[in-house]
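Below: the structure, in structure tokens.
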Amino acid sequence: TLSNTASVMGGGDPTCPTTGNCTSTVTTPVSAPQLTIVKSASAGNFVVGVPASYTLQVTNTGTAATTAPATVSDNIPGTLTIGTLPAGCSAAGQSVTCTIANLAVGAVVSFVIPVTPTAAASGTTEVNTGTVTGGGDPSCPGGANCTSTVNTPVNAPAVTLVKTASTPGCVVGGSAS
């Protein structure tokens with residue numbers, strides 16, 4: 001909200017500016033968009049070589065539609081390979097950027113960013129943060145609602161090898177399987 005106060009003094013009124021009739025305040029509510037981003041991972045743990053994804057969900061929780069395009073930014077860790085990005089997104093190296101043209105009050109838009117952990121990610125926890133800016137939201141990028149972080153442990157694939165023989169013993173010169 002905006003408040004504006006006007007005061008008058010002089011003019012021969014000895015009570016001004018201390019009495020209530022010498023000032024007037026008007027309070028006006030201001031409608032504005034407020035963008036909130038939530039980042040999530042497709043699984044509690046990623047596995048090396050197994051495709052996974054991050055979802056970046058942006059909601060306009062404000063009292064007005066966005067007044068300019070909003071930008072979602074996500075720097076994907078270098079130990080993850082980025083897959084084919086959805087419409088509205090592009091990548092420069094590991095930096096993914098998605099654009100939201102406009103967002104009505106209460107509207108939600110999501111971007112699913114496909115990734116595959118490389119061997120270098122094994123045994124680590126990937127810390128990944130998504131950020132939303134613009135859209136006419138005066139609180140972004142500084143507000144807590146403008147960033148969201150997810151921590152995802154990465155496991156090596158679990159491989160088990162079991163070898164069996166069809167017979168308990170072998171005879172020299174005989175066949176074995």
Side-chain angles (χ1 to χ4, degrees), residues 1-4 26-161:
T1 61
L2 291 177
S3 294
N4 187 351
V26 175
T27 302
T28 306
V30 176
S31 295
Q34 181 174 17
L35 302 177
T36 300
I37 188 168
V38 176
K39 181 172 186 135
S40 60
S42 60
N45 290 5
F46 287 170
V47 177
V48 170
V50 177
S53 64
Y54 290 116
T55 299
L56 300 159
Q57 180 178 321
V58 177
T59 306
N60 181 356
T61 57
T63 56
T66 55
T67 58
T71 302
V72 176
S73 303
D74 189 0
N75 290 317
I76 304 295
T79 54
L80 301 175
T81 301
I82 301 170
T84 302
L85 294 172
C89 296
S90 62
Q94 294 298 108
S95 179
V96 174
T97 303
C98 304
T99 302
I100 303 168
N102 53 49
L103 203 56
V105 173
V108 178
V109 65
S110 295
F111 298 102
V112 178
I113 310 301
V115 296
T116 302
T118 65
S122 182
T124 66
T125 296
E126 298 295 348
V127 179
N128 190 239
T129 301
T131 304
V132 63
T133 58
D137 181 348
S139 69
C140 288
N145 54 296
C146 305
T147 62
S148 181
T149 301
V150 64
N151 300 320
T152 312
V154 180
N155 301 327
V159 177
T160 304
L161 176 64

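In this structure, Ser148 and Leu56 have side chains that are not in contact, with every pair of non-hydrogen atoms separated by 4.5 Å or more. With contacts defined as side-chain heavy-atom distances shorter than 4.5 Å, the pair Gln57/Val108 qualifies. Between Thr66 and Asp137 the shortest side-chain heavy-atom distance does not fall below 4.5 Å. Counting only heavy atoms from C-beta outward, the side chains of Thr149 and Val127 approach each other to under 4.5 Å. Residues Val112 and Ser42 form no side-chain contact, since every pair of their non-hydrogen atoms from C-beta on lies 4.5 Å or further apart.
Closest heavy-atom contact between Pro33 and Pro138: O-CD, 3.9 Å. Scanning both residues, Ala121 and Val154, for their nearest heavy atoms gives O-CB, 3.3 Å. Contact detail for Thr99 and Phe111: the closest heavy-atom pair is O-CZ, 3.9 Å. Residues Pro114 and Leu85 share a closest heavy-atom pair of CD-CD2, 4.4 Å. Between Ser110 and Thr55, the shortest heavy-atom distance links the atoms CB-CG2, 4.2 Å. Annotation for Thr116 and Gly49: closest pair CG2-C, 3.7 Å, computed over non-hydrogen atoms.
Between the side chains of Thr79 and Glu126, at least one donor N or O lies within less than 3.5 Å of an accepting N or O. In this structure, a donor-acceptor pair under 3.5 Å is present between the side chains of Ser95 and Asn75.
Side-chain atoms of Asn60 come within 3.5 Å of backbone N or O of Gln34 as a donor-acceptor pair. Thr63 contributes a side-chain N or O that, together with a main-chain N or O of Ala32, makes up a donor-acceptor pair within less than 3.5 Å. Under the 3.5 Å distance criterion, the side-chain polar atoms of Asn145 are matched with a main-chain donor or acceptor of Leu35.
Ser122 OG to Asn155 CG: the interatomic distance, rounded to the nearest 0.5 Å, is 7.5 Å.
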Can you list the steps and then say if Thr129 with Thr147 is a side-chain hydrogen bond (donor to acceptor under 3.5 Å, both in side chains)? CA-CA 7 Å; Thr129 301; Thr147 62; over 6 Å; no

May I have the step-by-step check of side-chain contact (heavy atoms from CB on, under 4.5 Å) for Thr81 and Val115, ending in yes or no? CA-CA 5 Å; Thr81 301; Val115 296; over 6 Å; no

Could you please spell out the steps behind the side-chain contact (heavy atoms from CB on, under 4.5 Å) verdict for Ile37 and Thr131? CA-CA 7 Å; Ile37 188 168; Thr131 304; 5.9 Å; no

